[in-house]
Amino acid sequence: MPELPEVETIRRDLAAPLLGRRIERVRVYHDDLVLGGSSRQTFQRNVRGRYFGTVARRAKYLLFPLHDDASHQGPPARIMRVQLRMSGQFAIGPTRPDTDDFRHPGLDLRLDDGQTLFYDDVRRLGGFDLLRPSEWLAVENRLGPEPLENGFTVAGFRAVLAPLRAPIKNVLLDQKRLAGVGNIYASEALFRAGIDPRRPAGSLSSEEVGRLRRAVRAVLRAALRKAGTTIKDYRAVNGQSGSFQNELRVYGREDAPCRTCETPVTRLVQAGRSTFFCSRCQSD
DNA sequence: CTTGTACCCTGACCGC
DNA sequence: TGCGGTCAGGGTACAA
């Protein structure tokens with residue numbers, strides 16, 4: 001499901017209603033909700049009674065600082081990290097949403113204002129874990145730059161790509177090289193940059209790296225403005241779909257005419273995942 | 001170190 | 001109606 005624009009949309013929806021709220025009660029529906037081998041009992045004990053700070057996002061992770069004091073100042077006691085993976089969803093309200101796409105409860109957090117934060121996940125691939133600030137820092141340091149922030153420079157991107165022989169598409173999906181890009185936006189960015197997804201990353205010219213960087217940023221920003229892409233499961237916190245699926249140029253459009261040159265869009269498999277591209281617009 | 005593959009899980013869809 | 005195969009926005013463990 002969610003890549004950077006979708007996760008960021010969810011973060012924006014959750015930040016205000018959670019800030020400063022105390023967690024009164026925790027319900028975990030199954031063991032595999034807690035990632036990383038710690039027990040659900042430990043998880044529940046470390047969440048109950050704490051206060052939310054400001055919700056953050058890094059790569060495709062949602063980060064919920066949990067504080068011991070109501071003022072939620074200073075470093076949090078724990079950071080609750082959520083990976084939505086393919087089908088995780090959040091909702092917040094007095095009762096669980098009564099909709100067909102919210103029938104696989106994963107976790108409920110009852111808040112001190114009568115609202116409950118609901119997490120639902122059909123495929124159960126997503127989950128939660130708790131990190132101390134120092135542990136999070138170690139994880140953080142292994143992630144690539146945020147594409148929409150200033151740290152994502154042409155020079156830095158060129159240095160990352162230069163030694164790699166893997167196809168550029170695969171590299172865009174690798175969170176330790178660049179954070180937040182997933183399968184949809186990788187194909188879309190390469191189309192916008194006019195670069196063949198099979199090209200070895202290190203073979204891109206400086207000019208092509210610059211074009212790709214611009215394309216990645218442009219497509220993520222455009223998707224963010226449309227509250228993300230809903231293919232199937234993704235919903236914002238209020239249950240609304242995104243609308244960027246209406247603006248995709250290649251993703252999911254196998255055999256349909258390229259919007260630029262009418263050539264049928266090609267689908268191929270790279271690293272076990274579908275890549276969509278235009279063999280005419282994206283060639284040297 | 002880099003790279004590729006299998007796997008986690010459920011549900012939708014397609015051809016027979 | 002049912003059955004088997006394929007595919008889906010992600011990430012990790014493991015092998016080569």
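Proteins get letters first, then strands, A, B, ... in listed order; numbering begins at 1 in each.
- Of the candidates C:dG9, C:dC7, C:dG11, C:dG9 carries the atom nearest the A:Ile231 side chain, counting heavy atoms from C-beta on.
- At C:dG11, one or more side-chain N or O atoms of A:Lys60 fall inside 4.0 Å of OP1 or OP2 (strictly under the cut-off).
- A straight line from CG of A:Asp32 to C1' of C:dT12 spans 15 Å, rounded to a whole angstrom.
- One interatomic measurement links the two molecules: CD1 of A:Ile184 to P of C:dG9, which rounds to 7 Å at whole-angstrom precision.
- Here the side chain of A:Asp121 pairs a donor or acceptor atom with the backbone of A:Gly126 at under 3.5 angstrom.
- Atom CG of A:Leu172 and atom P of C:dG10 are 12 Å apart (whole Å).
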Apply the test side chain to side chain donor-acceptor pair (under 3.5 Å) to residues A:Ser274 and A:Arg267: give CA-CA distance (whole Å), side-chain angles for both, the deciding distance (0.1 Å), then the verdict.
CA-CA 6 Å; A:Ser274 290; A:Arg267 183 180 88 96; 2.4 Å; yes
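- Both A:Leu125 and A:Ala271 lie close to DNA chain B; mapped to their nearest nucleotides by heavy-atom distance, the more 5′-ward contact belongs to A:Ala271.
- Contact annotation for A:Arg177: backbone-only contact, meaning every heavy-atom pair under 4.0 Å involves sugar-phosphate atoms and none involves a base.
- What separates CG of A:Asp233 from P of C:dG10 is a distance of 12 Å, to the nearest Å.
- The nearest heavy atom of DNA chain B to A:Lys176 and to A:Lys232 marks one nucleotide each, and the one closer to the 5' end goes with A:Lys176.
- A:Gly272 comes within 4.0 angstrom of nothing in the nucleic acid, heavy atoms only.
- Listed candidates were B:dT3, C:dT12, C:dG9. Nearest to the side chain of A:Tyr61 is C:dT12.
- Between A:Arg81 atom CZ and C:dG10 atom C1' there is a gap of 13 Å when expressed in whole angstrom units.
- Straight-line distance from the CZ atom of A:Arg124 to the P atom of B:dT10: 4 Å, rounded to whole Å.
- Going from atom CG of A:Asp174 over to atom C1' of B:dG4 covers 13 Å, rounded to whole Å.
- A:Arg85 has its CZ atom 13 Å from the C1' atom of C:dG9, to the nearest Å.
- Within the 4.0 angstrom heavy-atom criterion, no nucleotide atom of any strand lies near A:Phe244.
- When all heavy atoms of A:Gly210 and A:Val154 are compared, the pair lying nearest together is CA-CG1, 4.0 Å.
- Exactly one of A:Arg85, A:Arg40, A:Arg124 qualifies for a salt bridge (charged side-chain N to carboxylate O under 4.0 Å, His left out) with A:Asp32. That residue is A:Arg124.
- Side-chain N/O atoms of A:His30 include none lying less than 4.0 angstrom from OP1 or OP2 on B:dC9.
- In this entry B:dG11 has C:dC7 as its Watson-Crick or G-U wobble partner, both defining distances falling under 3.5 Å.
- For the pairing with A:Arg50, the salt bridge (charged side-chain N to carboxylate O under 4.0 Å, His left out) check across A:Asp112, A:Asp68, A:Asp69 returns one residue only, A:Asp68.
- Residue A:Leu164 is in sugar-phosphate contact alone, with no base atom involved, counting any heavy-atom pair closer than 4.0 Å across all strands shown.
- The side chain of A:Arg267 approaches C:dC7 more closely than any other nucleotide in the set C:dG11, C:dG10, C:dC7.
- Within the 4.0 Å cut-off from OP1 or OP2 of C:dG9, at least one side-chain nitrogen or oxygen of A:Arg273 is found.
- Among the heavy atoms of the strands lying under 4.0 Å from A:Thr230 is at least one base atom, whether or not backbone atoms are also near.
- Using P as the reference atom, B:dC9 and C:dA13 are 15 Å apart when rounded to the nearest Å.
- Side chain of A:Arg123, nearest nucleotide from C:dA8, C:dG11, C:dG10: C:dA8.
- Put simply, A:Asn170 has a side-chain N or O that comes within less than 4.0 Å of OP1 or OP2 on B:dG4.
- The aromatic rings of A:Phe244 and A:Tyr185 are tilted relative to each other, their planes meeting at an angle between 30° and 60°.
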